[in-house]
Protein chains: 2
Amino acid sequence: MVTIRDIAGLAGVSRTTVSRVLNSSGYVSEQARSRVMQVIEETGYVPSEQAKALRTKKSNVIGVILPRMSTETASRVADGIENVLNREGYQMVLANANLKVEKEIEQLKLLESRRVDGIILLATNKEEKLLDAIRNLSVPVVAIGQDLPDVTSVVYDDYHAARDMTEAILKKGHTRVGFIGVYESDHAVGILRKQGYKDAMKAVGLTTEDSWAQQGDFTGESGYEAMKRMMNESAEHPSAVFAVTDRLALGAMEYLKSRGLEIPDHIAVAGLGNSELSRYVTPSLTTVDYDYEEAGMRTADLLLERLNRSGEKREKIVMGYRLLFRDSLI
Amino acid sequence: MVTIRDIAGLAGVSRTTVSRVLNSSGYVSEQARSRVMQVIEETGYVPSEQAKALRTKKSNVIGVILPRMSTETASRVADGIENVLNREGYQMVLANANLKVEKEIEQLKLLESRRVDGIILLATNKEEKLLDAIRNLSVPVVAIGQDLPDVTSVVYDDYHAARDMTEAILKKGHTRVGFIGVYESDHAVGILRKQGYKDAMKAVGLTTEDSWAQQGDFTGESGYEAMKRMMNESAEHPSAVFAVTDRLALGAMEYLKSRGLEIPDHIAVAGLGNSELSRYVTPSLTTVDYDYEEAGMRTADLLLERLNRSGEKREKIVMGYRLLFRDSLI
DNA sequence: CTGTTAGCGCCTTCAG
DNA sequence: CTGAAGGCGCTAACAG
């Protein structure tokens, strides 16, 4: 691999001069510059960002930790992030946490060891050991998806989105509204969205059967099973179901269809997230739209700001949402 | 940032000794080791992979160039890649080519400047300048998706998959089979799949109207428009349509539905790729299943092999496929 | 078992 | 305008 030293030798100048033309810093005679450029051309020399980073203490790399690769939300957020990172001359290294806190922490440390300039964490929980790990990190971290104490975060307005959607369902005249949520270790999705549902119900003085509130784990199958339990365990069936995730809603729809129930006539369904699937499924799914790309962009912006003006105070951005009424709810 | 030198000082040993316990190489007395470990613990020291890489000339980072972020195929392939990379102790840096050859080349160079150990290119074309860029690279490249000359590649069996599906359509009794393809700069999808369709048609001696073969650009909208053109321009409408991509097929279905045509009764549809959407859309889409995760894994394996046993000859792996008969074709 | 020495490839004072 | 010298954090001979 050809180095700056080789270029200097071939061009008959010092490494310093080569460095200067590389970074267009300081004065270089036109003569020297063109000689250096020519040699670079001929040799196909590519400066080592690695060595440069070691010296300058800036790698121009941002680490991004995803809960899982290859989920629609994660990749849409990553898309937004990559967008601004690329525009600002940063590269992105992706790390997969596979939904495990331990793995999240491990990836944080791994990225730190790579000396990335900053880390974006697509957060799925607020566990104390995670927060600890972030505190002990010497790399700035920005979170998205959960409101992490003391960590600059971009969050979705989970509570109001869920509450709004539930109210919209009620407004359609439904009084028996079922709910499919997820485990509570995911604060944003598991707790906040459920709270939105519960508060909306309480506000209109409706009572609910225990069996109307079921729990899944983000997979379609778990939505299917949750819906099945709801139907089997309830004395009176709900006339509408709100699932905190489109995928859960889709699973629920599958179960309902398998039972020969018509959506929305026998039972209406609403989800949250505006996944691609929600548009294409029949009947199309009423859901809440979150702008994941935008959220990713905002998060990246926030991180880069922090890098430039370090010592800034913690910030928090709450992303808005939009209710999308489609055919699964009338 | 605490360095190996600090640890050495605090533990009262030399940097070499610290390095040795870090890498568990060479002999270190239990006494020295525990002292070092303790200091590392106390200080939260994290060795710089960067400095290590500069010295060892191995970064344990693999670059992956995607045609676009946030498409289902890309992220499924990336998932497979990440899987084996992670298992083997590598990190993945993602680069987005945005479907532009120039950007692909730019990203190749950028990754080279980062001194990644290898590059996986999700290829979308075989343009000469791309091949040139790869040749001039000092980093091993493995391609997936296109059979790049002189480059170790993993490819899908595009020709036979398309031909098989077309034959399956013909076997159902259809004689007027339309086709929606893509631009030919994408050799695998644009040329090979079309050839499969044409050969299958020719083999049974069927003539086709020119208007039955339309072209899109991978988007659903373009599939919609292609289908519209096919219906508007043809003297006799096809009774079945094969689209080289599920997304195109979905777009075509949307157009057909908007015209009030029944699928598959009035016109049957088949796609290729087994996207998630294909399962959920109504009617469910008959398509060809490619195991993208597996392909990603094979590609990563291939690259890592090359890194270990360098100087290996070029290899080429052809991935198999599976026809999935669903409701959009009878 | 341990330390000394010498870089990896680059940038950055500091003198010319 | 240019170069010499030094060092970023780490590992790898080579001596002890």
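Numbered from 1 within each chain, the chains take letters A, B, ... in sequence-line order.
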Short side-chain N/O contact from [X] to OP1 or OP2 of [N], under 4.0 Å:
X	N	result
S48(B)	dG9(D)	no
S29(A)	dT2(D)	yes
Y27(B)	dG16(D)	no
S19(B)	dC10(D)	no
T17(A)	dG3(D)	yes
K57(B)	dG9(C)	yes

Report yes or no: is there a donor-acceptor pair, N or O only, under 3.5 Å between the side chain of R20(B) and the base of dG3(C)? yes
Check this for me: does the side-chain of T16(B) come within 3.5 Å of the base of dT4(C) through a donor and an acceptor? yes
To the nearest Å, how far apart are [X] [atom1] and [N] [atom2]?
X	N	atom1	atom2	result
R5(B)	dG3(C)	CZ	P	14 Å
E30(B)	dT2(C)	CD	P	10 Å
D6(B)	dC8(D)	CG	P	10 Å
N23(A)	dG9(C)	CG	P	17 Å
R55(A)	dG9(C)	CZ	C1'	11 Å
I4(A)	dG7(D)	CD1	P	19 Å
K58(B)	dC8(C)	NZ	P	20 Å
L22(A)	dG9(C)	CG	P	15 Å

Testing V64(B), V151(B), L130(B) one by one against L121(B) for a side-chain contact (heavy atoms from CB on, under 4.5 Å), which residue passes? L130(B)
Could you check L111(A), I134(A), V93(A), V142(A) and say which one makes a side-chain contact (heavy atoms from CB on, under 4.5 Å) with I119(A)? L111(A)
How are the rings of Y292(B) and Y156(B) set relative to one another: parallel (under 30°), tilted (30 to 60°) or perpendicular (over 60°)? perpendicular
Of all the nucleotides listed ([options]), which has the minimum atom distance to the side chain of [X]?
X	options	answer
V28(A)	dT2(D), dA6(C), dG3(D)	dT2(D)
R115(B)	dC10(C), dA4(D), dC8(D)	dC10(C)
R15(B)	dT11(D), dT4(C), dG9(C)	dT11(D)
T56(A)	dC11(C), dT2(D), dC10(D)	dC11(C)

At 4.0 Å (heavy atoms only), tell me whether A53(A) reaches a base, stays on the sugar-phosphate, or touches nothing. nothing
Can E104(B) and K100(B) be counted as an ion pair, charged N to O under 4.0 angstrom? no
Determine the sole option in E315(A), R314(A), R306(A), K316(A) for which the side-chain hydrogen bond (donor to acceptor under 3.5 Å, both in side chains) test with T152(A) is passed. R306(A)
Starting at the 5' end of DNA chain C, which residue's closest nucleotide do you reach first, R33(B) or M1(A)? R33(B)
Shortest non-hydrogen contact from S59(A) to R114(B)? O-NH1, 2.9 Å
